[in-house]
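In what follows, every chain begins at residue 1, and chains take the letters A, B, ... in the order their sequences are listed. Quantities reported herein were computed from a predicted structural model and do not represent experimental measurements.
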Amino acid sequence: MKDRNYIAGLGDMVGSAVTLYGWVSKARASGKIAFLTLRDGSGTCQCVLEKGDATAAFFDEAKKLAQETSVRIVGTVRADERAAGGVELHDITEFECIGGSGDYPITPKAHGIDFLMNRRHLWFRSQRQWRILRIRATIVDAIRSFYNDRGFVLIDTPIFAPAIGEGASTLFEVDYFGEDIFLAQTGQLYVEAACMAHDKVYCFGPTFRAEKSKTRRHLTEFWMVEPEIAFADLDEVLELAEDFVCHIVDRVVAKHRDDLESLGRNVADLELVKKPFARITYTDARDILHGSAARELLEKDLGDKTERVKALGSKIEELEAGRASAKKAWQIEKAAQEIQAAREERSELEEQIVNIPNHIKLASEFEWGTDLGGVDETIISRLHDGPVFVTHYPKEVKAFYMREDRADGRLVENFDLLAPEGYGEVIGGSMREEDFDILLRKIKAHNLPVENFEWYLDLRRYGSVPHGGFGLGVERTVAWMCGLKHIREAAAYPRMMGKVYP
RNA sequence: UCCCCGAUAGCUCAAUUGGUAGAGCGAGCGGCUGUUAACCGCUAGGUCGUAGGUUCGAAUCCUACUCGGGGAGCCA
């Protein structure tokens, strides 16, 4: 559109006449004045229409606009502290309805998650979702620029892949002209080959996991970036991961402070993310889980949460009494909403309280040689301030391609990065086994068909070098940056078990 | 795959513990010159998820199923 102004730029245009195109996200009208909140993709701005000669031609139409009507509107920018955002549009001289609307399902009231998820295509017009997806775009851009600026070459790895990598049970099977193949759950092996051509490479794209998980941390389709570097040791890979995560955090904080605050994200917690991150080994982690600090943490949790449930109980009683004695309808409604919120919080806490003794048991009985579970990771993460690297896991619980620790044959040179505040594993990575004989032995030990891995073994036949890399999950990172309770808000069209619409 | 919770109006939830289905919001109409999810009045709107069972009587109790939410396992 020619002569179009964007809301994001209105701060510098006070006093000027501007033309806005956008959608009406909220409309309130009195007899002689109407307030339209306009959303144009760059931001939101309130437009004030007063009934008068200048607006006579369209005032009656404008005051009845349904939510999400698309319009063109011409007026003058005015600074006004009563308006959210500091400026508003007044002295409206032209108004045109471009696309009508009506019965828009997502009202300014509360909605359930099932309702919203079934209308995801509309839901992401809402302020909160709009901010999250913009932050995601920044994160994706930060990922690309980080590697591109450091001389990494982008390699696109295949999405159709034969069964390589870890257990085939978590892969989506596809009929490929009569042949059974799978949607890729990682591009890692492919990117390793490219690493031997370009030295520093990364792949970035969607990956697929058929795990039957219905939790706040899982999607069946998610984006992952996987860098791989040659002639490197574990410390160098860890340092890359550290710099990378810091770069993302810096970019998000620099560009989205307002958005983060609006989302309720504590920005100070993000600003604490500085290198070097804590580094512990798997064996250290085992000791932490068996130690008194872990036990005390959980016991304190139990005490705190029990207290909170009691407090909520009396709060609910008070609110119910208040609701019974309230006279105004809105007072009754307000009390009802507070009661509902308190009940929800209480039932969530009650479930956690039931689980805590089990967590204490799991932690104290953790055995060397098993993988760390989500509960274990949360405990370790909470006993540290920032992100934590956990390195050197037992080789039995890790993938065949991970490099054996030459100092202790029971271990592999791998790592996970646990994000703080319970966001869990955002990175998993390792050195890759570069020795032909060891790799071949491990392929056989994992009962994998050697013939499928001939190409991968070639990388060790022709100029093998120490190399390593990692994968970072975009949605988990977005959830962490934004402080989201559930990963489903971190993708425009999240794919989960039993959820593929829209 | 396992455990817990839920399903009542377009939406979010009530229904005094088995006795004639309610409120707010949203929608429609009217009023109000400054609203920000909280103004006032009126109107329309429900086979209480599905199928059985218990009972004089079921939204409420029982069984099965479907769908959804949360968690475990597993993972990024």
Taking only Lys NZ, Arg NE, NH1 and NH2, and the carboxylate oxygens of Asp or Glu, determine whether [X] and [Y] approach each other closer than 4.0 Å.
| X | Y | result |
| --- | --- | --- |
| A:Asp301 | A:Arg308 | no |
| A:Glu425 | A:Arg476 | no |
| A:Arg209 | A:Glu221 | no |
| A:Arg265 | A:Glu261 | no |
| A:Asp376 | A:Arg286 | no |

Quick test: give all pairs of protein nitrogen or oxygen and nucleotides 6-10 of chain B nitrogen or oxygen below 3.5 Å, distance rounded to 0.1 Å.
none

Which donor-acceptor pairs under 3.5 Å do side chains of residues 51-59 of chain A form with protein atoms, sequence neighbours excluded?
| residue | atom | partner | partner atom | Å |
| --- | --- | --- | --- | --- |
| A:Thr55 | OG1 | A:Glu50 | O | 2.6 |
| A:Thr55 | OG1 | A:Gly52 | N | 3.1 |
| A:Thr55 | OG1 | A:Gly52 | O | 3.4 |

When you get a sec, tell me which of [options] is the closest nucleotide to the side chain of [X]?
| X | options | answer |
| --- | --- | --- |
| A:His486 | B:G68, B:A76, B:G70 | B:G70 |
| A:Lys212 | B:U1, B:C74, B:G69 | B:U1 |
| A:His111 | B:C11, B:C75, B:G70 | B:C11 |

Write down the distance between [atom1] ([X]) and [atom2] ([N]), rounded to a whole number of angstrom.
| X | N | atom1 | atom2 | value |
| --- | --- | --- | --- | --- |
| A:Met224 | B:C75 | CE | P | 13 Å |
| A:Arg495 | B:A76 | CZ | C1' | 19 Å |
| A:Leu116 | B:C11 | CG | C1' | 10 Å |
| A:Ile106 | B:C11 | CD1 | P | 12 Å |
| A:Leu484 | B:G70 | CG | P | 13 Å |
| A:Phe208 | B:C75 | CZ | C1' | 16 Å |

| task | Would you tell me if any nitrogen or oxygen in the side chain of A:Arg488 comes within less than 4.0 Å of OP1 or OP2 on B:G70? | result | yes
| request: For B:C32 and B:A37, measure between their P atoms and round to the nearest Å. | output: 24 Å
| query | Is the closest side-chain donor-acceptor distance between A:Arg131 and A:Ser262 under 3.5 Å? | reply | yes
| said: I'd like to know whether the aromatic ring centres of A:Phe204 and A:Trp223 sit less than 6.0 Å apart in this structure. | reply: yes
| message | Using a 4.0 Å heavy-atom cut-off to protein, can you give one letter per nucleotide of nucleotides 28-36 of chain B, 5' to 3': B if the base is in contact, S if only the sugar-phosphate is, - if neither? | response | ----BSBBB
| message | Using side-chain heavy atoms (C-beta onward) and a distance below 4.5 Å, is A:Arg217 in contact with A:His486? | response | no
